[in-house]
Amino acid sequence: MSERAFWVGTYTGAAGGGAGIYRVARGADGTLRAAVLAAEAVCPSYLAVHPTRDVLYAVREEDRGGVVAYEAAGPRLKEIGAREAGALPCHLSVSPDGGRLLVADYGSGTVRAYPLGPDGGLAGEPDVADGHGGGPRADRQEGPHAHMTVHAPDGTVLTTDLGADLVRSFRIEGGALRLVEETPLPAGCGPRHLVVHPSGHVHVLAELAASVLVLRPADGYAGLEVVAESPATAGPAGDAAQGAAIKVGDGGRYVYTSMRGTDVVTAHRVLDGGAALAPVADVPSGGHWPRDLHVDGEWMHVANERSDALSTFRIGPDGVPVPAGPPLGVPSPVCVIPG
């Protein structure tokens, strides 16, 4: 594989040692080269790219949060627009047609849909969908906590709510978010991130229960039903475990999760055509407090927030990641995406 570049989002200020958004290059041998600061920014913890334009988007994860758009035609980023968001926005994604930027506000529990212009720039104020509810964990589930937005194949927007133990399904109609269904998950599990497997099943990583749930579309993606649950790690997770990210491996034969506390990445074998998962191996993440991970063919990159390290793994024929060289120093990395 030829050289490839990645954007890395970080925590800054009181939240971490980063200075903004970094750019990292990977050689054909998998080696990562020193991170270069592409733009100073405040807590750009999660990033997304436009599907057809050279535009990068970042959250500003603060109590008075925001989103920022950047021109990303080269190694340096140029800010081209910003908007306010809710409290502690922690995830964002772009609709496949490039028309909307979806943002999950963890602190306020809201989901926002920002209109985008033909050039990929922020083109207006967002439509806002309020969250509701809570869960049995008083320390983490005192109210709604939207955590992720994902676009299903039929255009449905799927969002996780860690505070209310729900997956919410929205449709965008006339620029507005319309709630079409809420799928309840086991009480206290705290759904964090999800992926749509090539089979069509939805795999949800539960942060508080250290488990992975499999949901089957029952009415397109507007209606979902839980069909399986399995541990998020192959070995004991422990009380300190907090699930972080979940990604599908190349070809869909394996799914990968990261677990803070135990600091491992776990390979899960996909069974029954995507309807079940089985954890097969835990691999040390190469640092402390792994957050996001990115699977890129035979390569995997893991952002270890609290050890200031971006680790690289080569995925073997058995689906298990193997460390590939020493970790690269990046301050407080949270998210890594190709760019």
Side-chain angles (χ1 to χ4, degrees), residues 1-28 30-62 65-85 89-94 98 101-103 114 116-117 119-122 245 247 286-287 289-296 299-312 325-339:
M1 184 178 290
S2 60
E3 182 173 296
R4 191 162 192 188
F6 298 86
W7 302 109
V8 182
T10 68
Y11 276 134
T12 69
I21 301 169
Y22 293 80
R23 188 171 176 86
V24 171
R26 186 187 69 206
T31 302
L32 294 176
R33 292 199 289 274
V36 175
L37 183 64
E40 292 186 1
V42 177
C43 284
S45 61
Y46 214 90
L47 312 173
V49 293
H50 193 278
T52 60
R53 303 294 183 186
D54 290 327
V55 180
L56 176 75
Y57 307 93
V59 298
R60 192 179 70 241
E61 191 175 337
E62 296 184 293
V67 294
V68 185
Y70 298 91
E71 180 183 280
R76 301 288 181 177
L77 297 171
K78 177 184 176 182
E79 183 176 329
I80 58 174
R83 292 289 188 278
E84 292 184 354
C90 63
H91 188 271
L92 75 177
S93 62
V94 186
L101 177 68
L102 279 295
V103 177
Y114 295 80
L116 299 177
D119 63 351
L122 296 162
K247 299 292 174 68
W289 213 249
R291 297 289 297 259
D292 194 29
L293 58 87
H294 176 69
V295 179
D296 184 35
W299 301 106
M300 174 189 291
H301 303 293
V302 181
N304 292 285
E305 177 199 342
R306 296 185 182 176
S307 56
D308 302 323
L310 190 64
S311 301
T312 298
L328 176 70
V330 182
S332 302
V334 180
C335 171
V336 54
I337 62 171

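For the single chain, residues carry numbers from 1 onward in sequence order.
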Using only atom types and a distance under 3.5 Å, with no angle test, would you say the side chain of Thr12 pairs donor to acceptor with the backbone of Val42? no
So which atom in Ser311 and which in Gly287 form the shortest heavy-atom distance, rounded to 0.1 Å? OG-N, 4.4 Å
Will you find, in the side chains of Tyr46 and Glu61, an N or O donor that is under 3.5 Å from an N or O acceptor? no
Asp292 (side chain) donor-acceptor with Val336 (main chain) under 3.5 angstrom: yes
Which class fits the ring pair His301 and Phe6: parallel under 30°, tilted 30 to 60°, perpendicular over 60°? perpendicular
Would you say the side-chain atoms of Asn304 pair up with the backbone N or O of Leu310, donor to acceptor, closer than 3.5 Å? no
Taking the side chain as C-beta and beyond, is there a heavy-atom pair between Trp7 and Leu77 under 4.5 Å? yes
Side-chain heavy-atom pair Lys78, Tyr70 within 4.5 angstrom cut-off: no
To the nearest 0.5 angstrom, please state how far the CG atom of Asp308 sits from the CG atom of Leu328. 11.0 Å
Shortest non-hydrogen separation from Ala309 to Pro333 and the atoms involved: O-CG, 3.7 Å
Steps toward side-chain contact (heavy atoms from CB on, under 4.5 Å) verdict (Leu101, His50): CA-CA 9 Å; Leu101 177 68; His50 193 278; over 6 Å; no
Tell me if the CD atom of Glu40 is crowded by more than 12 foreign heavy atoms within 6.0 Å. no
Measure across Ile21 and Ala58 and return the closest heavy-atom pair with its distance rounded to 0.1 Å. CD1-CB, 4.0 Å
Counting N and O atoms only, with roles assigned by atom type, does the side chain of Arg23 sit under 3.5 Å from a partner on the main chain of Gly339, one being a donor and the other an acceptor? yes
Pro338 and Val49 have their tightest heavy-atom pair at O-CG1, 4.1 Å
Leu56 side chain near Leu47 side chain, heavy-atom distance below 4.5 Å: yes
Step by step, work out the side-chain contact (heavy atoms from CB on, under 4.5 Å) result for Val36 and Arg76. CA-CA 9 Å; Val36 175; Arg76 301 288 181 177; 3.7 Å; yes
Of all the heavy-atom pairs spanning Arg26 and Leu32, show the shortest one and how long it is. CB-CD2, 3.6 Å
Test side-chain contact (heavy atoms from CB on, under 4.5 Å) applied to Thr10 and Tyr22, step by step: CA-CA 8 Å; Thr10 68; Tyr22 293 80; 3.6 Å; yes
Any chance you could lay out the side-chain contact (heavy atoms from CB on, under 4.5 Å) test for Val8 and Cys335, step after step, and finish with the verdict? CA-CA 5 Å; Val8 182; Cys335 171; over 6 Å; no
Contact summary for Val94 and Ala48, nearest pair of heavy atoms: CG2-CB, 4.3 Å
Pro44 side chain reached by Val59 side chain, heavy atoms, under 4.5 Å: no
So does Val67 get a backbone contact from the side chain of Arg60, meaning a donor-acceptor N/O pair under 3.5 Å? no
